[in-house]
*Asks:* 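A single structure is presented below for examination.
All values derive from a computational prediction rather than experimental measurement. In what follows, chains carry the letters A, B, and so on, assigned in the order in which the sequence lines appear, proteins first and then strands, with residues in each chain numbered from 1.
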Amino acid sequence: MRCLTNIAKHPTILLIQSRTTLKELKQIHTQLLVNGTFNNPHFHAQFIATIALHNPINLHYSNYLIHHHNHHKPNLFTLNSMIRAYSKSTTPHKSFYFYNNILNSSNNLSPDNYTFNFLVRTCAQLTVRVTGFSVHAALIKHGFEYDPHVQSGLIFMYAEMGCLNSCHVVFEGVQNPDLVCQTAMLHACAKCGDVDFARKMFDEMPHRDFVVWNAMVAGYAQCGRSREALDLFQLMQMEGVKINEVSMVSVLSACTQLGALDQGRWAHAYLEKNNIRMTVTLGTALVDMYAKCGNIDKAMEVFWGMKEKNVYTWSSAMGGLAMNGLGRESVELFSVMKKDGVHPNEVTFISLLRGCSVVGMVEEGRNHFESMRKLHGIEPQFEHYGLMVDLYGRAGRVEEALSFINRMPMKPHVGAWIALLHACRMYKNKEIGEFALKKIVEVEAKNDGAYVLLSNIYADYKNWEGVNKVRETMKTKGVKKLPGCSVIEVDGEVHEFIVGDKSHPRYDEIELKIEEISRCVRLAGYVANTSNVFFDIEEEEKEDALGRHSEKVAIAFGLISLKEGVPIRVIMNLRICWDCHDVAKMISKFFKREIVVRDRNRFHHFKDGECSCKGYW
DNA sequence: CTAGGGTTAG
């Protein structure tokens, strides 16, 4: 055992941990063969395991070493390490090859608690329940049902599969759950939608190390409770808990969701100042944060500065470009990615198709969609079909969008119909719009967004009867419209405005500003675009209702609270309304202020009276 | 010193 410990600290092993290139590995390998270090079976095992664990990119090299330089039969340590490495790879099923290797080995190996711990993690990756159940059965057969390592793994596996009950069952069977096991259970609760229970566990734990803190912060961030994530992180700092790159990934993710650019910038500065290890994951989180907080230039600067990028990084950058209206750049980045030898996955194609869609590159988008199956072996999912509908629809080819839906190999999902309905709204197509709504409510009787869209189409035609009919239907069915909500960050503090809520301490000043805006805009001869007002009310009242949309309130607040020249950044939960969009353009001109709005679909950068979306919503 | 926490879309 002493011997193994020393080997783990062997300079060559440490070198592998910090380097990744295949070329260097080959050099090291040759050297070790020559000087005879490989004659030590322990070293050989540790060498392969280290490559597998620290250089997942070069997993095939560990494989090669096992098969072609096999002076020694791989031992359990090596095989377990391979299972572990593959459980985290993009091809987790290959773990089973090594599991079978253990079972069929000629040198009497039998799986141990590590084997099963890693194997259940493989099942967690695969999320194929049947596989998970059979591995569970196998480990019971081998007598590891009550092994603490295996139990932690099982909790993790069932969490990934969404079986919180099974997690509880396993957890209750644990004699004295240690920190690792408790962390797994906490993670499971957060993952399966019971963060509050996770927090309860967290609060009741007598000893908490920094991994537990990280799990809790991540738990909040992943379920969208970003504020609580940031609050807990702050507490973490105050308590002097160790902070590493994993903590920062969660912090950045929370900032991304809140659109809190200032806090995101602070986090970026923090991790540079504290020499936090820049991993691919952390870099990706940074790129995503800048992109989704409206600073796409900075996002790309970070992106190009990253030494190592994976498919997440590329997809994230492409998605960010698309979201910011830079569709062409997104498509170009896709070619660069392929040249770089990175294989796209299904998410990459979502980013790519969005890129095509926002700039109306219909043919290009269709070609890429076709290439998914033919060139990349990726079966398009319903999201991809939905984006194709969007692609045709945005470009005004509403009929083609409809016929595309009708040719889908699966039952069109609500999202596809919604995309069509948006196109109908944009191009004022009443007939297809009515048809789309019918299809939507067949599945989701209470889809408020769909009713509102159809109502808007009627309003465009000044068909108040139609508007009223929609309103009546909604009333009888009990459909409630989701209230608009906009947030804006001022001096690192996030202010939230919900439509109709006047509780903000500076609401009176905001009101005055809105009136000033209205005056300016009217002087310029602008007539409000009132078709976004849902109910048939008097024109004047309508303008008033429009004047109080949450996005406009947030912009007004930005005007009074941010220094001149500082861009106003607003994040909202719905798509920006047409009138607010027009008014924002004018504000950007009259008040000489840049405005960046991230709505639920994309970014709108308003400058000198123009918007970056150029009509492509 | 083979276990636990993290990134892309919807």
Side-chain angles (χ1 to χ4, degrees), chain A residues 1-2 4-9 45-46 49-50 52-53 75-85 87-88 112-118 120-121 147-153 155-156 159 177-188 190-191 198 208-219 221-222 242 244-254 256 277 279-289 291-292 306 309-320 322-323 344-354 381-384 386-387 413-415 418 600-601:
Chain A
M1 211 53 204
R2 254 193 75 85
L4 269 182
T5 314
N6 289 338
I7 288 172
K9 288 181 183 162
Q46 181 75 57
T50 310
L53 295 180
N75 60 16
L76 194 56
F77 172 85
T78 313
L79 293 170
N80 282 347
S81 300
M82 293 305 286
I83 295 177
R84 181 189 178 209
S87 78
K88 294 179 172 182
D112 64 359
N113 50 354
Y114 286 100
T115 314
F116 283 113
N117 186 358
F118 300 145
V120 290
R121 282 167 201 284
D147 181 276
H149 289 195
V150 176
Q151 284 168 318
S152 308
I155 292 171
F156 182 78
D178 62 1
L179 206 52
V180 176
C181 187
Q182 289 180 54
T183 312
M185 194 58 211
L186 192 150
H187 166 92
K191 171 102 198 175
R208 294 184 293 229
D209 65 359
F210 79 110
V211 177
V212 180
W213 279 85
N214 279 349
M216 196 63 236
V217 175
Q222 284 165 8
K242 178 181 157 183
N244 71 349
E245 73 274 9
V246 178
S247 337
M248 295 317 288
V249 169
S250 298
V251 169
L252 285 170
S253 153
T256 308
R277 196 160 66 104
T279 57
V280 189
T281 310
L282 184 56
T284 305
L286 256 179
V287 170
D288 194 47
M289 183 278 289
K292 291 217 183 92
M306 282 171 69
K309 307 179 187 73
N310 63 17
V311 65
Y312 284 72
T313 322
W314 289 96
S315 308
S316 192
M318 285 170 55
M323 226 189 160
N345 66 12
E346 63 283 358
V347 180
T348 319
F349 278 98
I350 286 172
S351 301
L352 180 64
L353 292 175
R354 289 197 73 185
Q381 303 160 336
F382 64 85
E383 287 96 339
H384 301 104
L387 280 161
H413 60 298
V414 172
I418 292 270
R600 116 185 244 165
N601 188 244

*Asks:* Taking only the side-chain nitrogens and oxygens of A:Arg84, find out if one of them lies under 4.0 Å from OP1 or OP2 of B:dA3.
*Replies:*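 A:Arg84 to B:dA3 OP1/OP2: side-chain N or O found under 4.0 Å.
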*Asks:* Name the nucleic acid region contacted by A:Phe382, choosing base, sugar-phosphate or nothing; use a 4.0 angstrom heavy-atom cut-off, strictly under.
*Replies:*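 Nothing, no nucleic acid heavy atom in range.
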*Asks:* Using a 4.0 Å heavy-atom cut-off, does A:His187 contact any base of the nucleic acid, only the sugar-phosphate backbone, or nothing at all?
*Replies:*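 Sugar-phosphate contact only - A:His187 comes under 4.0 Å of backbone atoms but never of a base.
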*Asks:* Base, sugar-phosphate, or nothing: which does A:Asp288 touch, judged by heavy atoms less than 4.0 Å apart?
*Replies:*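 Counting heavy atoms under 4.0 Å across all strands, the contact made by A:Asp288 is with sugar-phosphate only.
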*Asks:* Need one value for A:Val217: base, sugar-phosphate or nothing, where a base atom within 4.0 Å counts as base even if backbone is also close, heavy atoms only.
*Replies:*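 Answer is nothing: A:Val217 stays at 4.0 Å or more from every strand.
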*Asks:* For A:Thr279, answer base if it contacts any base atom (sugar-phosphate contacts may also be present), sugar-phosphate if it contacts only those atoms, and nothing otherwise; contact means non-hydrogen atoms under 4.0 Å.
*Replies:*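 Base contact.
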*Asks:* What contact category does A:Phe349 fall into here, base, sugar-phosphate, or nothing, at under 4.0 angstrom with non-hydrogen atoms?
*Replies:*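 A:Phe349: no heavy atom of the nucleic acid under 4.0 Å.
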*Asks:* Indicate, with a heavy-atom threshold strictly under 4.0 Å, whether A:Leu282 touches base, sugar-phosphate, or nothing.
*Replies:*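 Here A:Leu282 touches the bases of the nucleic acid.
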*Asks:* Need one value for A:Asn113: base, sugar-phosphate or nothing, where a base atom within 4.0 Å counts as base even if backbone is also close, heavy atoms only.
*Replies:*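 Nothing, no heavy atom under 4.0 Å.
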*Asks:* Does A:Leu252 reach a base, just sugar-phosphate, or nothing at all? Heavy atoms under 4.0 Å.
*Replies:*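 If one applies the 4.0 Å heavy-atom cut-off, A:Leu252 turns out to touch nothing in the nucleic acid.
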*Asks:* Looking for any heavy atom pair under 4.0 Å, which part of the strands does A:Lys292 touch: base, sugar-phosphate only, or nothing?
*Replies:*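 Sugar-phosphate, backbone atoms only, no base.
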*Asks:* Side chain of A:Gln222, backbone of A:Lys191: donor and acceptor closer than 3.5 Å?
*Replies:*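 Answer holds: no.
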*Asks:* Check this one for me: any side-chain N or O of A:Arg121 less than 4.0 Å away from OP1 or OP2 of B:dG4?
*Replies:*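 So the side-chain polar atoms of A:Arg121 do come within 4.0 Å of the phosphate oxygens OP1 or OP2 of B:dG4, strictly under.
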*Asks:* OP1 or OP2 of B:dT7 sitting under 4.0 Å from any side-chain N/O of A:Gln222?
*Replies:*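 It does, given that an N or O in the side chain of A:Gln222 lies less than 4.0 Å from OP1 or OP2 of B:dT7.
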*Asks:* Could you tell me whether A:Ala218 contacts a base, only the sugar-phosphate backbone, or nothing, with contacts defined as non-hydrogen atoms closer than 4.0 Å?
*Replies:*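 Sugar-phosphate, backbone atoms only, no base.
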*Asks:* So, is the end of the A:Arg121 side chain (NZ or CZ) under 6.0 Å from the ring centre of A:Phe156 and within 45° of the ring's axis?
*Replies:*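 Yes, A:Arg121 sits over the ring of A:Phe156.
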